[in-house]
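Note that these values count all heavy atoms, side chains included, but never hydrogens, waters or copies made by symmetry. Bear in mind that the values here come from a model prediction, so they are computed numbers and not experimental data.
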Amino acid sequence: MKRQWFKLPLHQLLHALHTGEATLPEIVASFYGRIAVRDEKVGAWQYLIDQEDYLAEYESRSEFYKASPLMGLPFAVKDVIDTADIPTTMGSAIHQDRIPDMDASCVTAMKAAGGILMGKTVTTEFAYFQAGKTSNPHDPERTPGGSSSGSAAAVADYMVPIAFGTQTAASVIRPASYCGCIGYVGSKNEFSLRNIQPLAQSLDSLGIISNDVLDTLLVRNILLHKSLSLAAPGTPQSYVFASFSGEALGEMQAPMLETLSACQQALLEQGHQCIAFPFSDEMAELTTLHAQIMAYEVARNLVYEQQQHETLSTHMQGLLSSGLALPYKEYIAALERADELKRSLLQWFDSQQVDFILAPAASGVAPYKTVGTGAPFMSRAWQLAGLPVVSLPLGYHQKMPMGLQLIGKPHQDDVLLSQALQLQQRFLGAGTVLAL
C-alpha cells in the first residue's frame, strides 16, 4: 500500500526526505494523486502546474533542491499574488489574460529556499465577496469562505502542504476556520507586499495557511530571512487570556460559543488566567471604521476596473459606490479615530498584563453557498488594529470545523505562534486530521 505522503505536514515531509524515507518524486506524486481524486469536487485550483513540468524543474536543479531548506516541496499562492509567466487573474474576467513578468517577494523567497510553486489557488473577485468555484472540502454545498478560498480548501484537503493567502478584512482567518486548517496573519507591515495586488493599503496583509503551526513558523522564518530552527517551545508559561465572544459584533452560533467556553476551561485547567475582554463597544466601532476605510481605499485602488464596471459583480459595484461616496475628511477622521482606539487597546494590554485575546474566528460553521462566503465581522477590528492573529480548528459541529483565533501584540508574532503551537499540541496532537 502506498504511503499517503500528502497527509503529512511540511516539516514531517522534510524529515522524510532527510532520512531517505521518501523521495521528492514520490511525495509530489502523492499530492498530484490527491488533486486528481479531489479537486473536481473542491475546485481549489485556478492554475495548476503540470506534474511533469514540476518534476522537470526539480530534476533540472536537483543538487540545489536537495541542499535547500524546502528541498523541492510544493507550495501554492492565492491568485492575487503575482507569479512570473503564470496568470494572475484576481478572480476577474477583466484580468483573465494578465501574465506578470515578475514574482511577488513572498514567491521569490519560497523559491530561493527551495520550494517549487505548484499553482495558483482560487480567490473571490478582487479578494472581496463574489465567490469563485471553490467548495468547502467538508461539504460541497457549503462555502470555503473568502477571499483566500482556494488556499484554505487546498491545504485543508491535503492537496498542498502550505499556501499563501491575503487578508484585508477576514480573508485568511475565516476560510481557515470554515475549512478546518490553520490561518496566520502577521502584524501590520510584518511581511513584504511587493507584487501582491492591493485592495486597501491601510489593511492589506499577507497570510500563511497550513495544517501545522510548525509549518507556519518555518515559512514565516523564510519570509523574514530568520533562522530556520524549528525547536519546540520551552517550559510552558502561565499566560493571561482575555476572552471575547463577539456577540457585540453580530449573531454568533451557540456551538461556536460553546467551543470558546470549553477552550477557556481547558486553559484554566492548564494554569492560565482567563479574564473578560472589556472593549465590546470599541470593537464594534473599529469594525464600522474598518468597513469605511476599506470602501474608501478600494474605490481609489480599482480605478482601472471601474472603467469596465459592466464586468464587475454587484458586490464590488456596491463597495465602489459606497467608497466613492465617502468624503475625504470622513476617511481621515476614520483613520485618526482608529489610531486612538488602537492606542487604548495596547495601553490596556500593558496595564492589565494581558498576553493574548481569545475569540471565535467566525460566527460559526461555514454557511451554505446560497448564503454567501460568510460574515467578516470577527476579524475586521483586529485587522484595522494591525495585530497578529492565528486561527486554530478547535471545534466541530455537525462534522463541520470551527476555528478560534488567538490575537497577540504587534510584532510579537513569534510569541503568538509559540502559544498557538502549544494549543495545537494540547487539543489537536501533532497535526490536524480531516476525515473524508
Donor-acceptor under 3.5 Å ([X] side chain, [Y] main chain):
X: R3; Y: I27; value: no
X: Q273; Y: F241; value: no
X: R220; Y: K226; value: no
X: S379; Y: P376; value: no
X: H272; Y: S238; value: no

Using 30° and 60° as the class limits, which term best fits the ring planes of H315 and F129: parallel, tilted or perpendicular?
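Rings of H315 and F129: perpendicular, over 60°.
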What class does the angle between the rings of F75 and F164 fall in, given that below 30° is parallel, 30 to 60° is tilted and above 60° is perpendicular?
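Because their plane-to-plane angle is over 60°, the rings of F75 and F164 count as perpendicular.
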Pair R337 + E340: basic N to acidic O under 4.0 Å:
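The answer is yes: the pair qualifies as a salt bridge.
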N-O pairing of D139 and K41 below 4.0 Å:
no
Surrounding CZ of R194 (heavy atoms of other residues, nucleotides or ligands, distance under 6.0 Å), is the total greater than 12?
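No.
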Considering non-hydrogen atoms only, spot the tightest contact between P393 and I182 and give its length.
CD-CG1, 4.0 Å
Y32: partners by ring pair (Phe, Tyr, Trp, His ring centres under 6.0 Å), with sequence neighbours left out
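None.
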Apply side-chain contact (heavy atoms from CB on, under 4.5 Å) to L335 and list each qualifying residue two or more places apart in sequence or on a separate chain.
S202, I293, Y331, I332
Test item: side-chain donor near acceptor, Q264 and S243, under 3.5 Å
yes
Candidate pair D82 and R98, rule salt bridge (Lys or Arg N to Asp or Glu O under 4.0 Å), full reasoning:
CA-CA 10 Å; D82 280 358; R98 180 178 177 272; 3.0 Å; yes
Using the side-chain hydrogen bond (donor to acceptor under 3.5 Å, both in side chains) rule, pick out the option among K78, Q130, E125 that qualifies with S147.
K78
